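Down below is the structure, laid out as structure tokens.
Within every chain, numbering begins at 1; the chains are lettered A, B, ... in the order of the sequence lines, protein sequences first and strands thereafter. Small disclaimer: the values here were computed from a predicted structure and weren't measured.
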There are 2 protein chains.
Amino acid sequence: MACALHRTTARILEILEKVASFTQGITLSELSRVLDIPKSSLHPLVCTLAEKKYLIYNNVEERYYIGEKLFILGNRYLSNSDILERIKSVLLEVNEKTKETLYFGVLSDCDVLYLEKAELHSKFRVVSNPGNKLPAYATGYGKAILSQFSPEEIQEMYPIKDLAPYTKHTVKTVDGLNEQLESIRTCGFSYEIEESTIGIRCVAVPIKVQNRILAGVSLAVPVFRYNKEREELFKQLLTDAKAKIEKIIAEDRRNWIYS
Amino acid sequence: MACALHRTTARILEILEKVASFTQGITLSELSRVLDIPKSSLHPLVCTLAEKKYLIYNNVEERYYIGEKLFILGNRYLSNSDILERIKSVLLEVNEKTKETLYFGVLSDCDVLYLEKAELHSKFRVVSNPGNKLPAYATGYGKAILSQFSPEEIQEMYPIKDLAPYTKHTVKTVDGLNEQLESIRTCGFSYEIEESTIGIRCVAVPIKVQNRILAGVSLAVPVFRYNKEREELFKQLLTDAKAKIEKIIAEDRRNWIYS
DNA sequence: GAACGTTGTTCGTATATAGGAACATGAAGG
DNA sequence: CCTTCATGTTCCTATATACGAACAACGTTC
């Protein structure tokens with residue numbers, strides 16, 4: 001796939017992303033400034049985006065918001081493949097047995113992207129929701145996914161020595177991260193103690209396909225419901241879920257290894 | 001908002017939508033044919049879309065799939081506004097009391113768009129999922145939303161006399177639909193009996209803001225769990241939920257009426 | 001193995017679009 | 001009331017992009 005980048009296309013995507021990042025909406029002029037694109041160039045673009053409902057233009061406050069069409073298309077990403085549906089049912093099984101929250105996600109650049117979540121309706125704080133990203137090094141299954149990379153590759157991914165701390169328990173250095181990854185490689189499990197969310201611990205496993213780690217499954221538990229016996233149960237259920245999910249992905253006709 | 005449409009922007013959106021509609025992926029040439037756009041014009045566009053992860057290009061099968069970025073942006077549509085979060089918690093309350101599935105959605109063109117859903121993990125067939133669209137006339141809360149329009153306006157929305165049947169119980173004519181809408185206007189509730197999904201009945205209420213119906217809430221029940229006593233409970237809970245949701249939306253600073 | 005199909009890719013120019021400058025509008029400030 | 005600072009909108013042309021045609025690389029078919 002040879003790649004001739006296209007300025008206008010890149011701009012449209014920038015517009016969508018920028019508007020989405022402004023929760024309270026953004027005016028045309030403001031958008032022109034932050035993207036460094038002339039207003040007159042932006043104008044027909046945002047008009048078309050609004051016309052097609054990718055953006056919403058609020059006339060009275062003269063601000064653009066993200067539109068419903070992105071929501072509709074975005075959800076196709078999951079519903080197009082029944083794989084994720086089946087993966088979710090595996091998560092639900094574990095959820096029923098443990099009453100704890102399960103996550104399934106993949107690596108997306110240096111972050112981890114939540115795809116599916118299985119939880120009971122709880123009043124507790126949530127770690128995250130599908131569609132969100134968190135730094136891979138700050139999450140249990142993020143580290144599980146990272147564990148496929150050598151210390152050198154990790155160094156490349158994080159050129160700066162110090163990792164931005166997500167909570168006060170987040171691993172702070174690349175060296176520290178590499179130590180943890182080594183331990184994951186030997187025992188097969190990844191642990192996280194309040195590194196992404198205060199009050200929450202995680203146990204996670206990597207999901208391998210064709211000997212490459214593509215995804216991870218994590219079980220998140222409030223610290224006060226965590227103990228050694230339950231940890232054993234979690235690990236057993238996760239090992240079971242891991243096998244099922246790897247089977248689901250392996251059976252799929254679609255090629256998961258692309259470059 | 002004056003509108004000068006932009007061809008390239010419209011094309012990019014067409015590409016995204018078309019690729020999303022092909023579950024099993026689509027090749028560049030195929031895309032060129034269905035969109036009637038030259039391959040050479042498409043090429044830099046899809047390259048950029050793939051580069052930015054709005055599409056995924058599978059090298060080995062030479063097919064484009066919908067990418068993760070759309071999923072990420074799409075979910076912002078919901079999470080950007082805490083309104084929907086709060087609306088969902090209202091749905092969850094009703095769900096806990098009834099153990100039945102709740103939907104919240106809005107009108108999108110002539111269809112109804114599911115935004116939120118509250119359900120127990122059940123083995124039952126699902127009516128739909130957030131992000132999906134169904135014909136408004138085939139669903140309980142779709143008809144609740146439609147009930148704000150006069151028979152003349154409905155005629156305009158559905159120029160053809162016969163409505164495409166979704167199931168064998170779907171209302172078949174515009175006149176029949178108008179009769180149902182009249183009854184909704186008088187009693188305040190909308191009923192659906194296996195019109196969108198065989199085996200499922202719905203009771204729904206319209207959500208009014210500034211005297212305009214903007215959305216609807218629906219409670220979906222398997223037919224065998226439906227009876228007159230429960231219907232009374234459903235109607236009472238829905239009336240309660242309706243008031244809460246209308247209050248949530250009314251308190252919001254954001255203008256929900258834009259044109 | 002030659003002929004035809006498919007795929008993606010490249011190139012040059014005809015054409016559509018980008019963007020500076022100017023304009024219309026309204027709100028805030030002196 | 002005039003000025004200043006926002007907003008969105010329009011116009012014209014320099015410029016970037018679209019697209020036909022030709023190409024390369026595979027797979028099938030006869």
Side-chain angles (χ1 to χ4, degrees), chain A residues 1-19 22 24-67 253-255 257-259, chain B residues 1-16 18-19 22-67 253-255 257-259:
Chain A
M1 179 183 62
C3 247
L5 280 203
H6 185 102
R7 190 179 57 158
T8 310
T9 305
R11 282 185 168 183
I12 289 167
L13 305 183
E14 281 182 78
I15 293 171
L16 293 177
E17 291 174 30
K18 197 50 92 174
V19 172
F22 280 78
Q24 27 16 342
I26 185 168
T27 64
L28 176 64
S29 305
E30 221 175 327
L31 197 60
S32 162
R33 262 179 276 114
V34 295
L35 291 179
D36 199 32
I37 300 175
K39 279 192 296 179
S40 54
S41 306
L42 235 35
H43 190 255
L45 305 188
V46 292
C47 276
T48 308
L49 289 172
E51 172 75 21
K52 308 280 185 188
K53 302 206 174 176
Y54 283 76
L55 296 180
I56 297 168
Y57 186 64
N58 185 316
N59 261 325
V60 304
E61 43 175 42
E62 296 187 320
R63 298 182 95 80
Y64 286 94
Y65 294 86
I66 186 171
R253 84 223 167 305
R254 182 160 147 192
N255 226 315
I257 319 277
Y258 33 72
S259 62
Chain B
M1 181 183 62
C3 249
L5 280 201
H6 185 103
R7 189 179 57 157
T8 310
T9 305
R11 281 185 170 183
I12 289 166
L13 305 183
E14 280 183 80
I15 293 171
L16 293 177
K18 196 51 90 175
V19 173
F22 280 77
T23 311
Q24 20 28 331
I26 184 168
T27 65
L28 176 64
S29 305
E30 220 175 328
L31 197 59
S32 162
R33 262 180 275 113
V34 294
L35 292 180
D36 199 31
I37 300 175
K39 279 193 296 180
S40 54
S41 307
L42 236 36
H43 191 255
L45 306 187
V46 293
C47 276
T48 309
L49 289 172
E51 172 75 20
K52 308 280 183 187
K53 302 205 174 178
Y54 284 75
L55 297 180
I56 298 168
Y57 185 65
N58 186 317
N59 260 325
V60 305
E61 41 175 42
E62 296 187 320
R63 299 182 96 80
Y64 285 94
Y65 293 88
I66 186 171
R253 85 226 166 305
R254 182 161 148 192
N255 227 314
I257 319 277
Y258 33 71
S259 61

Look at [X] and [N] and indicate whether a side-chain polar atom (N or O) is within less than 4.0 Å of OP1 or OP2.
X: A:Arg33; N: D:dT7; result: yes
X: B:Arg7; N: C:dT17; result: yes
X: A:Ser41; N: C:dG19; result: yes

Selected nucleotide, minimal atom distance to [X] side chain, candidates [options]:
X: A:His43; options: D:dT9, C:dA16, D:dT7; result: D:dT9
X: A:His6; options: D:dA18, C:dA18, C:dT10; result: D:dA18
X: A:Arg11; options: C:dA16, C:dA18, D:dT7; result: C:dA18
X: A:Ser40; options: C:dC11, C:dG19, C:dA18; result: C:dG19
X: B:Ser29; options: D:dG8, C:dT7, D:dC19; result: C:dT7

Output the distance between atom NE2 (B:His6) and atom CZ (B:Arg11), rounded to the nearest 0.5 Å.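 The distance works out to 10.0 Å.
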
Spacing between [X] atom [atom1] and [N] atom [atom2], to the nearest angstrom:
X: B:Leu45; N: C:dT9; atom1: CG; atom2: C1'; value: 15 Å
X: B:Ile26; N: C:dT7; atom1: CD1; atom2: P; value: 10 Å
X: A:Lys39; N: C:dC23; atom1: NZ; atom2: C1'; value: 10 Å
X: B:Asn58; N: C:dT7; atom1: CG; atom2: P; value: 16 Å
X: A:Leu35; N: C:dA18; atom1: CG; atom2: P; value: 14 Å
X: B:Leu42; N: C:dT9; atom1: CG; atom2: P; value: 12 Å
X: A:Leu31; N: D:dT9; atom1: CG; atom2: P; value: 14 Å
X: B:Glu62; N: C:dG5; atom1: CD; atom2: P; value: 19 Å

A side-chain contact here means heavy atoms from C-beta on lying under 4.5 Å apart; do B:Leu42 and B:Ile15 qualify?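 Answer yes - side chains close enough.
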
Nearest-nucleotide wise, let me know which of A:Leu5 and A:Arg63 is further upstream toward the 5' end of DNA chain D.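 Its nucleotide being nearer the 5' end, the pick is A:Arg63.
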
Return whichever of B:Pro44 or A:Leu28 has its heavy-atom-nearest nucleotide of DNA chain D closer to the 5' end.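 Taking each residue's closest nucleotide, the earlier one in sequence belongs to A:Leu28.
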
B:Tyr65 and B:Glu61 side chains, donor-acceptor separation under 3.5 Å: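 Yes, B:Tyr65 and B:Glu61 have a side-chain donor paired with an acceptor closer than 3.5 Å.
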
Checking side-chain contact (heavy atoms from CB on, under 4.5 Å) for the pair A:Val60/A:Asn58: CA distance, chi angles, key distance, verdict? CA-CA 6 Å; A:Val60 304; A:Asn58 185 316; 3.1 Å; yes

Flag if over 12 foreign heavy atoms under 6.0 Å of NZ, A:Lys52: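 12 or below, so no.
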
